[in-house]
Amino acid sequence: SRHRAKDGRIIPVEVTVNYIEFDGKEVNCVSARDISKRKRAEEALKSQVAFREGIIECAADGICVCHDTPGYPNVSFTVWNNRMTEITGYSMDEINRNGWYQTVYPDPDVQDRARDRMDRMRQGDNLKGEDWEITRSDGVKRLVSISTSVIQGEKGTVHVLALIQDITDRKRAEQTQAFMAMMLDVSPGFV
C-alpha cells in the first residue's frame, strides 16, 4: 500500500493485519512498515538487469548460454540473443526443441565431434576463436568462430557461455585475396 508520512511524502508500506482476541473481544491488529529502501533496491536491481539484457541483445556477436540436459536434445539454452537467431536462423525455442547438435550440424560425424568438444569444454578446455561450419535453418552453410567460457551455476551446475561470430564473408574475402596474390605471382608478365 501507499501511505502519507507526517512530512507529506507518499511512501510505500507493507501492511499486516491480524485478528486477535483482546479482553474477550476480537480486534484487528494492523501494522504498517515503511518499505521505501526495499523498493529502491528492487528498482536498482531491475535497472541493472535491464542494462545487462540490453548489452546482450545489442551485441554484434551471437551470445548464448547452455547446459547439459539428460537425454534428447542433450543441451538446453537459457540465453540466446537476437544475433544468434540472425546467425543460425533458429529461435531459442526451436533450438531447445530440435537440438543444437541435431540442427546446426546435420552430419552425424560432426555432431559426435561437437558433443566431444562440448564435453572437453565442461572440463575447462574452452574454445578460443575455434572455427566451425554450421547449417542455418534455410540450409545455407556458414562458418562461425566460437569462443566459450564455463560458468558455475547454483548447486554446481555447469553452464557454457558462448560468443559466436559469423566469419563466412571475411574468410571468403581472405581466400579471394590469396587467390589474386597467387595469380599475380604465377603471371610475371601481367600488370
Side-chain angles (χ1 to χ4, degrees), residues 12 14 16 33-138 140-168 170-171:
E14 180 177 74
T16 305
R33 179 174 36 168
D34 183 348
I35 57 171
S36 299
K37 287 181 184 177
R38 184 175 83 191
K39 288 292 186 183
R40 283 192 297 275
E42 287 172 359
E43 290 302 316
L45 182 59
K46 282 181 190 176
S47 179
Q48 288 176 355
V49 168
F51 179 71
R52 289 181 180 146
E53 287 175 353
I55 289 171
I56 291 169
E57 285 307 317
C58 293
D61 294 343
I63 297 176
C64 58
V65 176
C66 64
H67 61 275
D68 275 341
T69 58
Y72 187 87
N74 307 108
V75 68
S76 180
F77 290 83
T78 54
V79 174
W80 184 274
N81 72 352
N82 290 330
R83 185 67 179 127
M84 282 298 296
T85 300
E86 292 170 10
I87 291 169
T88 66
Y90 293 100
S91 69
M92 183 170 71
D93 289 340
E94 290 170 316
I95 284 291
N96 282 339
R97 187 173 49 253
N98 301 323
W100 171 259
Y101 305 117
Q102 300 85 343
T103 56
V104 300
Y105 307 123
D107 181 330
D109 291 334
V110 177
Q111 288 177 19
D112 290 341
R113 200 175 104 229
R115 282 188 192 97
D116 179 59
R117 188 64 182 98
M118 182 68 91
D119 289 341
R120 291 191 344 252
M121 275 186 282
R122 287 190 199 93
Q123 301 303 316
D125 183 15
N126 283 314
L127 288 98
K128 300 292 182 206
E130 205 170 286
D131 295 351
W132 286 78
E133 185 179 77
I134 66 166
T135 302
R136 288 177 37 86
S137 64
D138 57 9
V140 173
K141 294 189 181 306
R142 301 296 286 182
L143 189 61
V144 297
S145 176
I146 304 175
S147 297
T148 62
S149 297
V150 172
I151 302 168
Q152 292 294 325
E154 292 179 10
K155 300 178 184 173
T157 58
V158 175
H159 302 270
V160 176
L161 165 67
L163 302 177
I164 299 179
Q165 295 178 326
D166 185 336
I167 59 171
T168 308
R170 185 181 82 209
K171 287 292 187 180

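Here the structure is a predicted model, which means the values were calculated and not measured.
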Side chains of Val79 and Phe77: closer than 4.5 Å at any heavy-atom pair?
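Val79 vs Phe77: side chains apart.
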So do the side chains of Val144 and Asp131 get within less than 4.5 Å of each other, counting heavy atoms only?
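Answer no - side chains too far apart.
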Are any side-chain N or O atoms of [X] and backbone N or O atoms of [Y], one a donor and one an acceptor, separated by less than 3.5 Å?
X: Arg113; Y: Pro108; value: no
X: Ser147; Y: Gly129; value: yes
X: Thr103; Y: Gly99; value: yes

By the definition side chain to side chain contact (heavy atoms under 4.5 Å, CB included), identify the one residue from Asp116, Ile146, Leu127 that meets it with Met121.
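By the side chain to side chain contact (heavy atoms under 4.5 Å, CB included) criterion, Met121 pairs with just one of Asp116, Ile146, Leu127: Leu127.
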Under 3.5 Å, is there a donor on one side chain and an acceptor on the other for [X] and [Y]?
X: Asp166; Y: Thr168; result: yes
X: Ser91; Y: Trp80; result: no
X: Glu130; Y: Trp132; result: yes
X: Asn126; Y: Thr148; result: yes

To the nearest 0.5 Å, how far apart are [atom1] in [X] and [atom2] in [Y]?
X: Met92; Y: Thr78; atom1: CE; atom2: OG1; value: 7.0 Å
X: Leu163; Y: Asp61; atom1: CG; atom2: CG; value: 6.0 Å
X: Tyr101; Y: Asn74; atom1: OH; atom2: CG; value: 7.0 Å
X: Ser145; Y: Gln165; atom1: OG; atom2: CD; value: 5.5 Å
X: Asp119; Y: Arg115; atom1: CG; atom2: CZ; value: 9.5 Å
X: Arg142; Y: Thr135; atom1: CZ; atom2: OG1; value: 11.5 Å

Assess whether atom NZ of Lys128 is packed by more than 12 heavy atoms of other residues, nucleotides or ligands within 6.0 Å.
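Count over threshold, so yes.
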Just checking Phe51: does its CZ atom have more than 12 heavy atoms from other residues, nucleotides or ligands closer to it than 6.0 angstrom?
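No - once you tally the heavy atoms of other residues, nucleotides and ligands closer than 6.0 Å, there are 12 at most.
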Where is the tightest heavy-atom contact between [X] and [Y], given as atom of each residue plus distance?
X: Gln111; Y: Pro106; value: NE2-O, 3.6 Å
X: Gly62; Y: Ile87; value: N-CD1, 3.9 Å
X: Arg136; Y: Glu86; value: NH1-O, 2.6 Å

Asp112 and Tyr105: side chain to side chain contact (heavy atoms under 4.5 Å, CB included), yes or no, with the steps?
CA-CA 9 Å; Asp112 290 341; Tyr105 307 123; over 6 Å; no
Going through the distances and angles, do Glu94 and Ser137 end up as a side chain to side chain contact (heavy atoms under 4.5 Å, CB included)?
CA-CA 10 Å; Glu94 290 170 316; Ser137 64; over 6 Å; no
Kindly determine whether Asp125 and Arg117 satisfy side chain to side chain contact (heavy atoms under 4.5 Å, CB included), including the steps that lead there.
CA-CA 9 Å; Asp125 183 15; Arg117 188 64 182 98; 3.5 Å; yes
Does Glu42 come within less than 4.0 Å of Lys46, counting only side-chain N to carboxylate O?
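No, Glu42 and Lys46 are not salt-bridged.
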Using a strict cut-off of less than 4.0 Å between a Lys/Arg side-chain nitrogen and an Asp/Glu carboxylate oxygen, indicate whether Arg83 and Glu57 qualify as a salt bridge.
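No, no charged N to carboxylate O under 4.0 Å.
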Considering only distance and modelled atom types, tabulate donor-acceptor pairs under 3.5 Å from the side chains of residues 151-162, sequence neighbours left out.
unit_1 : atom_1 : unit_2 : atom_2 : d
Thr157 : OG1    : Glu154 : O      : 3.0
Thr157 : OG1    : His159 : NE2    : 3.1

Would you sort out whether Gln102 and Tyr72 count as a side chain to side chain contact (heavy atoms under 4.5 Å, CB included), showing the intermediate values?
CA-CA 10 Å; Gln102 300 85 343; Tyr72 187 87; 3.3 Å; yes
